[in-house]
Amino acid sequence: MGKKRYYPTVDASTGEMKMYFGEWIADGIADKIQGSPNLIFKGFDEEKAAEEFLKAGYIERKDKNLNTTDEINEEIENRKTTLDDYQAIIVTDGSYMEATHPEVTGYGWIGILKDKEIEENGVTTDDKFVSMKNVGGEILAVEQGIKWSLENNIQRLDIYCDFAGLASWAYGYRTNTPATEDYHKLLEAAHKKMKIVFHKINSHTGVTYNEKADSLAKKAITNK
């Protein structure tokens with residue numbers, strides 16, 4: 001007989017939260033959880049720890065799932081108009097070009113404050129990122145954006161990204177590589193100083209800032 005555990009879940013797209021309790025296979029929890037690329041979850045022995053997972057707040061509940069490019073663009077533009085002096089938005093992306101420069105991975109991100117925007121990009125040869133290809137760049141883009149936000153004394157940071165794993169690792173789910181372990185530690189430390197909220201968007205669908213971030217990451221590699 002298997003062990004009964006608590007399994008909290010958070011949907012990276014909608015923010016919907018659920019709690020399951022039981023055996024992973026015997027009680028059908030695996031069937032309910034696995035197979036959804038946007039679902040963040042983790043198993044816990046204690047209910048309190050499972051509840052703390054749900055309270056982390058890296059994903060906020062949305063009134064509706066943003067399915068179209070226009071809806072996502074509109075949300076970002078609307079959020080821009082409500083920024084105060086201690087709030088910011090970053091939109092991030094990563095890139096890897098094996099045929100061009102297989103020894104590097106690139107990152108790009110856009111930082112949006114109340115009264116200005118900045119664009120940053122770069123590459124790294126660090127194998128802990130390069131071995132993860134474009135995902136390594138995704139991680140670096142968020143890390144750089146978070147460091148920038150801390151330097152600007154931001155108290156709420158909204159992160160728009162096209163890879164759900166970035167939010168999963170913030171929650172501590174499957175941080176089993178050096179890059180994801182370090183990323184999780186940075187997020188934990190930063191989260192004590194500011195509220196961090198992830199917004200999962202679809203890649204290469206014409207979301208204006210996501211396309212800009214993607215272009216920045218690619219340019220960092222081609223201009224190497």
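For the single chain, residues carry numbers from 1 onward in sequence order.
- Side-chain atoms of Ile118 and Trp109, non-hydrogen and from C-beta on, do get closer than 4.5 Å to each other.
- Note on Tyr171: it clusters hydrophobically with Val135, by side-chain heavy-atom contacts below 4.5 Å among ILVMFWY residues.
- Phe44 and Trp169 end up in the same hydrophobic cluster when Ile, Leu, Val, Met, Phe, Trp and Tyr side chains are linked at under 4.5 Å.
- The two residues Val142 and Ile90 have their closest heavy-atom pair at O-CD1, 4.3 Å.
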Exercise. Checking side chain to side chain contact (heavy atoms under 4.5 Å, CB included) for the pair Lys18/Ile33: CA distance, chi angles, key distance, verdict?
Worked result: CA-CA 10 Å; Lys18 293 183 179 180; Ile33 292 178; over 6 Å; no
Problem set entry | Pair Glu117-Lys212, salt bridge (charged side-chain N to carboxylate O under 4.0 Å, His left out): steps then yes or no | CA-CA 12 Å; Glu117 295 183 14; Lys212 286 183 180 179; 5.0 Å; no
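- Taking NE2 from His204 and CD from Glu211, the interatomic distance works out to 7.0 Å, rounded to the nearest 0.5 Å.
- Screening residues 120-149 for side chain to side chain donor-acceptor pair (under 3.5 Å), with sequence neighbours left out, gives Lys128-Asp182.
- Tested against Leu216, the residues Ile110, Asp93, Val91 include a single side-chain contact (heavy atoms from CB on, under 4.5 Å) partner, Ile110.
- Ionic pairing of Glu60 and Arg79 is not present here: no N-O contact between side-chain nitrogen and carboxylate oxygen is shorter than 4.0 angstrom.
- Val10 is connected to Tyr6 through a chain of hydrophobic side-chain contacts under 4.5 Å among Ile, Leu, Val, Met, Phe, Trp and Tyr, so both are in one cluster.
- Rounding to the nearest 0.5 angstrom, the gap separating the CD atom in Glu77 from the OG1 atom in Thr208 is 7.0 Å.
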For this session: Start with the C-alpha distance between Trp24 and Gln34, add both sets of side-chain angles, then the distance that settles side chain to side chain contact (heavy atoms under 4.5 Å, CB included), and finish with yes or no.
Result: CA-CA 11 Å; Trp24 179 244; Gln34 290 182 321; 3.5 Å; yes
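- Judged by distance alone, with hydrogens and angles left aside, the side-chain atoms of Thr205 form a donor-acceptor pair with the main-chain N or O of Asn202 at under 3.5 Å.
- Scanning all heavy atoms of the two residues, the minimum distance from Ile196 to Leu187 falls at CD1-CD1, 3.8 Å.
- Nearest heavy atoms, Gly22 versus Tyr7: O-CE1, 3.7 Å.
- For the pair Ser13 and Lys200, the tightest heavy-atom approach, listed with the atom from each and the gap, is OG-CG, 4.0 Å.
- Scanning both residues, Ile146 and Ala190, for their nearest heavy atoms gives CG2-CB, 3.7 Å.
- In the hydrophobic cluster analysis, where Ile, Leu, Val, Met, Phe, Trp and Tyr join through side-chain heavy atoms closer than 4.5 angstrom, Met97 is grouped together with Val123.
- Residues Thr180 and Met132 form a side-chain contact, since some pair of their non-hydrogen atoms from C-beta on lies under 4.5 Å apart.
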Under 3.5 Å, which donor-acceptor pairs do the side chains of residues 217-224 form with other protein atoms, sequence neighbours left out?
{"unit_1": "Lys218", "atom_1": "NZ", "unit_2": "Asp214", "atom_2": "OD1", "d": "2.8"}
{"unit_1": "Lys218", "atom_1": "NZ", "unit_2": "Asp214", "atom_2": "OD2", "d": "3.1"}
{"unit_1": "Thr222", "atom_1": "OG1", "unit_2": "Lys218", "atom_2": "O", "d": "3.2"}
{"unit_1": "Thr222", "atom_1": "OG1", "unit_2": "Lys219", "atom_2": "O", "d": "3.2"}
{"unit_1": "Asn223", "atom_1": "ND2", "unit_2": "Lys219", "atom_2": "O", "d": "3.2"}
{"unit_1": "Lys224", "atom_1": "NZ", "unit_2": "Glu103", "atom_2": "OE2", "d": "3.3"}

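- In terms of the salt bridge (charged side-chain N to carboxylate O under 4.0 Å, His left out) criterion, Glu188 has no residue partners (sequence neighbours excluded).
- Residues Leu140 and Leu150 share a single hydrophobic cluster, defined by chaining ILVMFWY side chains whose heavy atoms lie under 4.5 Å apart.
- In terms of heavy-atom proximity, Val207 sits nearest to Thr69 at N-CG2, 3.6 Å.
- Summarising the local packing, CZ of Phe21 is surrounded by more than 12 heavy atoms from other residues, nucleotides or ligands at distances under 6.0 Å.
- Salt bridge Asp45/Lys3: present, at least one basic N to carboxylate O contact under 4.0 Å.
- With values rounded to the nearest 0.5 angstrom, Lys4 atom NZ is found 5.0 Å from Glu23 atom CD.
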Problem set entry | Steps toward salt bridge (charged side-chain N to carboxylate O under 4.0 Å, His left out) verdict (Asp84, Arg156) | CA-CA 10 Å; Asp84 64 27; Arg156 177 186 171 111; over 6 Å; no
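- Sorted by first and then second residue, the pairs that involve residues 183-203 and meet ring pair (Phe, Tyr, Trp, His ring centres under 6.0 Å), not counting sequence neighbours, are Tyr58-His191, Tyr160-His199.
- To the nearest 0.5 Å, atom OG1 of residue Thr9 and atom CD of residue Glu16 are 7.0 Å apart.
- To the nearest 0.5 Å, the span separating CG on Asp85 from CG on Asn152 amounts to 11.0 Å.
- Here the straight-line distance linking atom CD1 of Ile72 with atom CG of Asn210 works out to 8.5 Å at 0.5 Å rounding.
- Checked by atom type and distance alone, the side chain of Tyr96 pairs as donor or acceptor with a backbone atom of Pro102 at under 3.5 Å.
- For Ser95 (side chain) and Thr105 (main-chain N/O), no donor-acceptor pair under 3.5 Å exists by modelled atom type.
- Here the options are Leu166, Thr92, Thr177, the test is side-chain contact (heavy atoms from CB on, under 4.5 Å), and the partner is Ile139; only Leu166 passes.
- Judged as a salt bridge (Lys or Arg N to Asp or Glu O under 4.0 Å), not a single pair has a partner in residues 29-38 (not counting sequence neighbours).
- Not a single ring-ring contact (aromatic ring centres under 6.0 Å, His included) links Tyr209 to another residue, sequence neighbours left out.
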